[in-house]
Amino acid sequence: MGTALVGAVLIAAALGAEQPFYANTFERVPDAAALTALGRALFRDPALSASGKISCATCHDPTHDFGPANAQAVQRGGGDGRSFGVRAVPSLKYTQNVPPFTEHYFDDEGDDSVDQGPAGGRTWDGRSPSFHDQARLPLFSPFEMANANADAVTAKLMALYAVQFRQVFGERIFADKELTFKGVLMALEAFQQSPAEFYPYSSKYDAFLRHEASLSAQELRGLAAFNDPEKGNCARCHPSALQKGAFPQFTDFGFAAIGAPRNAAIPANADRAYFDLGLCGPLRTDLEGRREYCGMFRTPSLRNVARRPVYLHNGVFNSLSDVVRFYAERDTQPQKWYPRAPDGSTLKFNDLPEIYRANLDAQAPFDRQAGEAPALSDADVANIVTFLRTLNDGFKPP
């Protein structure tokens with residue numbers, strides 16, 4: 001939250017700035033409330049984009065859990081406001097505990113000797129280690145806010161936010177453009193750590209964990225199927241239990257290749273040679289060539305998932321029931337989810353080149369063969385979806 005961020009500034013200064021970004025290089029230490037308010041204003045302002053039409057809130061709508069407000073697989077942006085992105089827009093809620101990316105994650109909640117592989121980082125491919133690094137990406141992305149450079153951003157700030165910036169950071173804030181831009185990122189980071197807006201833990205399931213509400217019989221059956229290793233096995237990647245008294249995030253922050261069907265609604269996919277391979281590119285470049293990571297995307301939180309208009313990294317599904325069914329039937333009934341070849345065969349895993357298919361998740365429910373019964377019945381699917389609705393924020397006890 002904002003006070004935690006300001007605290008980090010003070011600590012970094014006292015310790016000789018082990019983390020340079022948080023070292024207090026401003027004329028004054030920003031006030032937490034003022035910094036958060038400034039970040040909120042910047043987040044909502046389309047004037048900070050090259051087109052003057054795209055703000056952070058355009059794609060991360062506060063009234064839609066800081067995710068997209070429409071059911072388009074990808075959103076428009078860019079200098080002309082017409083360029084399409086290549087991935088579905090994720091929610092920014094419940095990301096406050098995402099650790100920086102590492103290729104070797106050891107979970108201190110379980111057997112801390114087990115290397116769980118790559119985990120952490122922000123965005124679908126984990127390439128941003130922090131809130132402020134994540135905030136930097138859309139400001140310069142050619143299909144998002146599309147600013148040419150940091151100077152283009154600071155020039156707009158001097159015209160629009162001169163008074164606010166001087167009040168928060170000091171009178172000399174515009175004397176150093178790098179410092180000015182750092183103020184932008186710090187304000188956006190402070191805003192995105194506002195608990196009431198980004199991680200209120202106000203769902204029915206949270207009330208259930210507090211012993212303030214009861215789940216219905218169907219919701220309890222859904223929770224059981226969600227947790228059951230022989231059924232949904234969802235909790236393997238989306239832990240649902242309290243951890244050391246902390247409410248669950250419904251993500252283990254890890255990466256998985258699930259073989260989502262290719263989405264023809266993404267303009268980039270019109271090029272048959274184009275593939276979004278997640279960890280190994282094309283948007284992430286530092287792991288290019290690491291074949292063992294190709295096709296893997298970060299596991300998102302399931303909080304508020306029932307209100308999302310699109311699902312998975314490529315927005316190929318618009319129905320939560322379809323997502324759960326896909327997990328159950330990907331291998332048992334692939335013909336339901338993938339297109340047909342001219343000879344009538346099923347083009348399974350049509351959005352992942354064959355050389356990378358060894359990376360595909362093969363643990364339950366992905367451990368069955370074509371023609372076998374799926375791990376989840378129709379009733380199980382309906383129950384899990386009903387349970388997932390208890391993760392929506394804004395529950396009011398009767």
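Hydrogens, waters and symmetry mates are skipped; everything else that's a heavy atom, side chains included, is used. Position 1 is the first residue of the sequence, and the numbers go up from there.
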Run the side-chain hydrogen bond (donor to acceptor under 3.5 Å, both in side chains) check on Asp31 and Gln167 step by step: do they pass?
CA-CA 10 Å; Asp31 171 77; Gln167 288 175 342; over 6 Å; no
Candidate pair Tyr94 and Tyr201, rule ring pair (Phe, Tyr, Trp, His ring centres under 6.0 Å), full reasoning:
CA-CA 9 Å; Tyr94 295 99; Tyr201 295 103; 5.1 Å; yes
Using side chain to side chain contact (heavy atoms under 4.5 Å, CB included), reason through Phe349 and Tyr356 one step at a time and then give a plain yes or no.
CA-CA 10 Å; Phe349 306 131; Tyr356 305 128; over 6 Å; no
Show the numbers, then the answer: is there a side chain to side chain contact (heavy atoms under 4.5 Å, CB included) between Gln249 and Tyr199?
CA-CA 10 Å; Gln249 304 302 303; Tyr199 48 104; over 6 Å; no
If you apply the rule side chain to side chain contact (heavy atoms under 4.5 Å, CB included), what do you find for Phe198 with Gln193, and how did you get there?
CA-CA 7 Å; Phe198 286 90; Gln193 294 185 75; over 6 Å; no
Decide yes or no on side chain to side chain contact (heavy atoms under 4.5 Å, CB included) for Gln72 and Val310, but give the supporting numbers first.
CA-CA 7 Å; Gln72 296 174 4; Val310 296; over 6 Å; no
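Without hydrogens or angle criteria, Arg172 side chain to Glu27 main chain gives no donor-acceptor distance under 3.5 Å. Within the 3.5 Å criterion, the main-chain N or O of Leu376 finds no donor-acceptor partner in the side chain of Arg325. Side-chain atoms of His64 do not come within 3.5 Å of backbone N or O of Cys59 as any donor-acceptor pair. Listed for the Ser55 side chain is a donor-acceptor partner under 3.5 Å among the backbone atoms of Ala57. The main-chain N or O of Phe250 is never found under 3.5 Å from a side-chain atom of Ser301 such that the two would form a donor-acceptor pair. Asn147 places a side-chain N or O within donor-acceptor distance of the main-chain N or O of Leu139, the cut-off being under 3.5 Å. Looking at Arg307, its side chain does come within 3.5 Å of a backbone N or O of Asp393 through a donor-acceptor pair. Put simply, the side chain of Thr299 gets close to the backbone of Gly254: a donor and an acceptor are under 3.5 Å apart. Looking at Asn269, its side chain never comes within 3.5 Å of a backbone N or O of Ala264 through a donor-acceptor pair. Formation of a donor-acceptor pair under 3.5 Å by the Gln192 side chain with backbone atoms of Ala190 is not found in this model.
Side-chain contact between Arg330 and Pro374: absent, with no pair of heavy atoms (C-beta onward) separated by less than 4.5 Å. Under the 4.5 Å side-chain criterion, counting only non-hydrogen atoms from C-beta, Ile173 is in contact with Leu179. In this structure the side chain of Leu360 never reaches within 4.5 angstrom of the side chain of Phe366, judged on heavy atoms. Counting heavy atoms from C-beta on, the side chains of Leu352 and Arg357 come closer than 4.5 Å. Taking the side chain as every heavy atom from C-beta outward, Val98 and Arg298 approach each other to under 4.5 Å. Within the 4.5 Å cutoff, side-chain heavy atoms of Arg136 are placed close to those of Leu185. The shortest side-chain heavy-atom distance between Leu35 and Met186 falls under the 4.5 Å cut-off. Here the side chains of Ser203 and Arg303 are in contact, with some heavy-atom distance below 4.5 Å.
Linking ILVMFWY residues whenever their side-chain heavy atoms come closer than 4.5 Å, directly or via other members, leaves Trp124 and Tyr311 in distinct clusters. Tracing side-chain contacts under 4.5 Å through hydrophobic residues (I, L, V, M, F, W, Y), one reaches Ile355 starting from Ile258; they form part of the same cluster. Under a hydrophobic-cluster definition in which Ile, Leu, Val, Met, Phe, Trp and Tyr are linked whenever side-chain heavy atoms come within less than 4.5 Å, directly or via other members, Leu157 and Phe191 are assigned to the same cluster. Leu277 and Leu287 fall into different hydrophobic clusters, where Ile, Leu, Val, Met, Phe, Trp and Tyr are joined by side-chain heavy atoms under 4.5 Å apart, directly or via other members.
Under the 4.0 Å criterion applied to side-chain N and carboxylate O atoms, Asp80 and Arg82 are not assigned as salt-bridge partners. For Lys156 and Asp45, the salt-bridge test fails: no basic side-chain N is under 4.0 Å from an acidic carboxylate O. Between Arg236 and Asp252 no salt bridge is recorded (no basic side-chain N to carboxylate O distance below 4.0 Å). The pair Arg221-Asp380 does not meet the salt-bridge criterion, since no charged nitrogen lies less than 4.0 angstrom from a carboxylate oxygen.
For the pair Ala88 and Gly315, the tightest heavy-atom approach, listed with the atom from each and the gap, is CB-N, 3.7 Å. Lys177 and Thr154 make their closest contact through O-CG2, 3.7 Å (heavy atoms, listed as atom of the first residue, atom of the second, distance). Heavy atoms only, all atoms of each residue included: Pro267 and Ala265 are closest at CD-O, 3.3 Å. Considering all non-hydrogen atoms of both residues, Ala241 and Pro248 come closest at O-CB, 3.4 Å. Nearest heavy atoms, Lys231 versus Ala375: O-CB, 3.6 Å. For the residue pair Thr58 and Lys53, the shortest heavy atom distance occurs at OG1-O, 4.0 Å.
No close placement of the Tyr105 and Phe253 rings is indicated, their centers lying 6.0 Å or farther apart. Aromatic pair Phe387/Phe208: ring centres not closer than 6.0 Å. Phe143 and Phe84 have their aromatic ring centers separated by at least 6.0 angstrom. The ring of Phe43 has its center closer than 6.0 angstrom to the ring center of Phe66. Aromatic rings of Tyr205 and Phe395 (six-membered ring for Trp) have centroids beyond the 6.0 Å cut-off, not under it. Between Phe140 and Phe181, the ring center distance clears the sub-6.0 Å criterion.
Environment of CD in Gln335: crowded, with over 12 heavy atoms of neighbouring residues, nucleotides or ligands closer than 6.0 Å.
Distance CG/Asp286 to SG/Cys280: 11.0 Å, rounded to 0.5 Å. With rounding to the nearest 0.5 angstrom, the CG atom of Leu92 is 5.5 Å from the CD atom of Gln134. Taken from CZ in Arg262 to CZ in Phe275, the straight-line distance is 5.0 Å, to the nearest 0.5 Å. In this structure, CZ on Phe174 lies 6.0 Å from OG1 on Thr180, to the nearest 0.5 angstrom. Note that the OH atom of Tyr338 and the OG1 atom of Thr346 stand 10.5 Å from one another [nearest 0.5 Å]. The CZ atom of Arg76 sits 15.0 Å away from the CD atom of Glu144 when rounded to the nearest 0.5 Å.
A side chain to side chain contact (heavy atoms under 4.5 Å, CB included) with Arg87 holds for exactly one of Asn314, Leu312, Asn263, Asp125; it is Asp125. Here the rule is ring pair (Phe, Tyr, Trp, His ring centres under 6.0 Å) with Phe255, and of Tyr293, Phe297, Phe101 only Phe101 fits it. The only option from Thr25, Val29, Leu38 that meets the side chain to side chain contact (heavy atoms under 4.5 Å, CB included) definition with Phe169 turns out to be Leu38.
The aromatic rings of His132 and Phe21 lie parallel to each other, with less than 30° between the two planes, well short of the 60° mark.
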